[in-house]
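Heavy-atom basis, side chains included; hydrogens, waters and symmetry copies ignored. Since we're looking at a predicted model, the values are computed, not measured.
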Amino acid sequence: MGLPSEILEIAKRVNNWGRWGEDDEIGTLNLITDEVVREAAATVRSGRRVGLAVPLQQNGIQTGMIPGRVNPLHSMVAVNWEMFGPDTVANSDDVVTMGLQAGTHWDALPHVSHSGVIYNGRPASSITPHGGAAFSGIEKARHLVSRGVLLDVARARGVDRLVGGYAVTPEDLELAMELAGTQVRAGDIVLVRTGQIQLYLAGDKTGYALPAPGLSVRCPEWFHARDVAAVANDTLTFEIFPPEIENAWLSVHALHLVEMGMLQGQNWNLEELSQVCAEEERYEFLLTATPEPFVGAVGTPVAPVAIF
């Protein structure tokens with residue numbers, strides 16, 4: 001079953017294919033210009049830093065709902081090994097097996113496809129079992145630093161956490177932007193707080209997964225109109241789950257990644273950031289969130305840092 005007609009109509013209105021040339025592989029990251037980064041750097045005043053990643057651990061976010069997306073399995077392959085002989089300097093080494101989207105992560109543009117295509121009209125068949133993504137793999141996003149803006153929808157709505165199944169609408173984003181006291185502008189990385197990750201942090205992994213608040217299918221047009229470079233939030237599914245339109249599974253993913261060419265992030269811990277923004281009385285900051293450059297990968301762990 002394809003995407004519903006109303007989603008396909010939105011797709012026409014937000015489509016960025018060819019906007020940066022037929023060879024483009026990074027989509028809206030093109031909006032992060034040198035000038036945008038200079039202006040982002042100017043938001044740093046105190047040097048206060050807030051980490052936004054959840055710890056990578058075996059007892060992590062994943063519950064088995066998504067096959068193959070396993071929590072990190074960490075093993076030591078050497079422990080105090082005197083590799084050059086007795087009484088020499090000893091070393092320890094370790095390895096990790098994990099789903100690249102198991103924790104705090106970015107979705108790369110080929111993470112989803114629809115109608116047989118990925119971003120910029122390339123065939124979904126260009127993703128192969130052994131090679132991964134031939135186009136727009138996460139390694140193409142070589143650096144990701146810009147102005148971050150927290151749209152604290154939960155705080156703007158006067159609640160600690162939005163209820164499961166709440167659809168975050170453009171009206172919610174406008175209300176949160178009013179709270180933030182700044183306008184979202186071209187090249188920004190927008191972080192949308194729902195408070196949902198509180199459930200995971202309290203040990204309720206199942207409740208964290210679903211039902212979940214998340215972005216409505218109406219939000220991509222809001223981001224597109226403002227030339228947002230990337231969006232992340234504090235939920236497992238990113239968009240409202242189950243979907244607000246029957247059988248419109250992963251529609252927001254399709255609109256952002258395939259049509260707009262816009263990275264999106266999930267499982268970001270925005271709780272401390274919410275408190276710091278309220279204390280600092282400003283919701284803009286320098287955000288560094290460069291992906292790990294796994295070649296051909298359709299997602300990647302990331303350890304974002306907001307700098308005030």
Side-chain angles (χ1 to χ4, degrees), residues 2-3 7 10-11 14-17 24-30 53-54 56 60-62 65-71 98-142 144 189-192 209 212 214-215 217 219-220 223-224 228-241 243 248-268 289-304:
L3 290 173
I7 304 300
I10 297 172
V14 301
N15 185 277
N16 280 328
W17 296 0
D24 179 58
E25 297 188 52
I26 62 171
T28 55
L29 294 187
N30 285 289
V54 298
L56 293 172
I61 286 172
Q62 301 306 313
M65 183 176 77
I66 304 172
R69 190 179 287 187
V70 296
N71 287 314
M98 63 177 288
L100 294 183
Q101 290 144 305
T104 304
H105 68 271
W106 285 118
D107 289 340
L109 303 187
H111 173 53
V112 301
S113 63
H114 80 84
S115 306
V117 294
I118 58 173
Y119 171 65
N120 229 5
R122 293 190 169 93
S125 60
S126 60
I127 307 169
T128 61
H130 297 292
F135 301 103
S136 295
I138 200 63
E139 81 281 2
K140 302 298 173 56
R142 297 178 55 212
L144 187 41
I189 303 171
V190 173
L191 309 182
V192 180
L215 296 178
V217 296
C219 290
F223 296 127
H224 184 264
V228 169
V231 179
N233 73 7
D234 55 352
T235 75
L236 178 71
T237 57
F238 187 77
E239 55 196 271
I240 178 177
F241 193 85
W249 303 101
L250 298 181
S251 292
V252 177
H253 279 65
L255 293 168
H256 283 171
L257 300 171
V258 179
E259 300 294 335
M260 293 171 62
M262 183 175 73
L263 292 188
Q264 61 179 38
Q266 287 113 282
N267 302 324
W268 290 41
T290 298
E292 296 295 334
F294 290 98
V295 175
V298 298
T300 181
V302 66

For the CG atom of L215 and the CD1 atom of I240, what is their distance to the nearest 0.5 Å?
10.0 Å
What I'd like to find out is whether the side chain of V252 reaches to under 4.5 Å of the side chain of P220, using heavy atoms alone.
yes
Is there side-chain contact between M260 and F223, with at least one heavy-atom pair below 4.5 Å?
yes
Nearest 0.5 Å please: distance from the CG atom of D24 over to the CZ atom of R122.
7.5 Å
Separation between CZ of R69 and CD of Q62, rounded to the nearest 0.5 Å
5.5 Å
Between T104 and N267 (side chain of the first, backbone of the second, donor and acceptor by atom type, cut-off under 3.5 Å), is there such a pair?
yes
Exam field: side chain E139 to backbone G296, donor-acceptor pair closer than 3.5 Å:
yes
Output for pair (H105 NE2, M98 CE), nearest 0.5 Å, gives 10.0 Å
Which heavy atom in V217 sits nearest to a heavy atom in S251, and how many Å separate them?
CG1-CB, 3.9 Å
Distance-minimising heavy-atom pair for D107 and L257:
O-CD2, 3.9 Å
For the pair W249 and F241, evaluate side-chain contact (heavy atoms from CB on, under 4.5 Å) and give the outcome as yes or no after the intermediate values.
CA-CA 9 Å; W249 303 101; F241 193 85; 3.6 Å; yes
Test log, rule side-chain contact (heavy atoms from CB on, under 4.5 Å), inputs L109 and M262
CA-CA 7 Å; L109 303 187; M262 183 175 73; 5.7 Å; no
Would you say the side chain of I118 lies within less than 4.5 Å of the side chain of H111, judging by non-hydrogen atoms?
no
Strictly distance-based, threshold 3.5 Å: is any side-chain N or O of T235 a donor or acceptor partner for the main-chain N or O of F238?
yes
With side chains defined as the heavy atoms from C-beta onward, is the minimum distance between I138 and V298 less than 4.5 Å?
no
Spatial distance of atom CH2 (W106) from atom CD (Q266) [nearest 0.5 Å]
10.0 Å
So does I61 get a backbone contact from the side chain of N71, meaning a donor-acceptor N/O pair under 3.5 Å?
yes
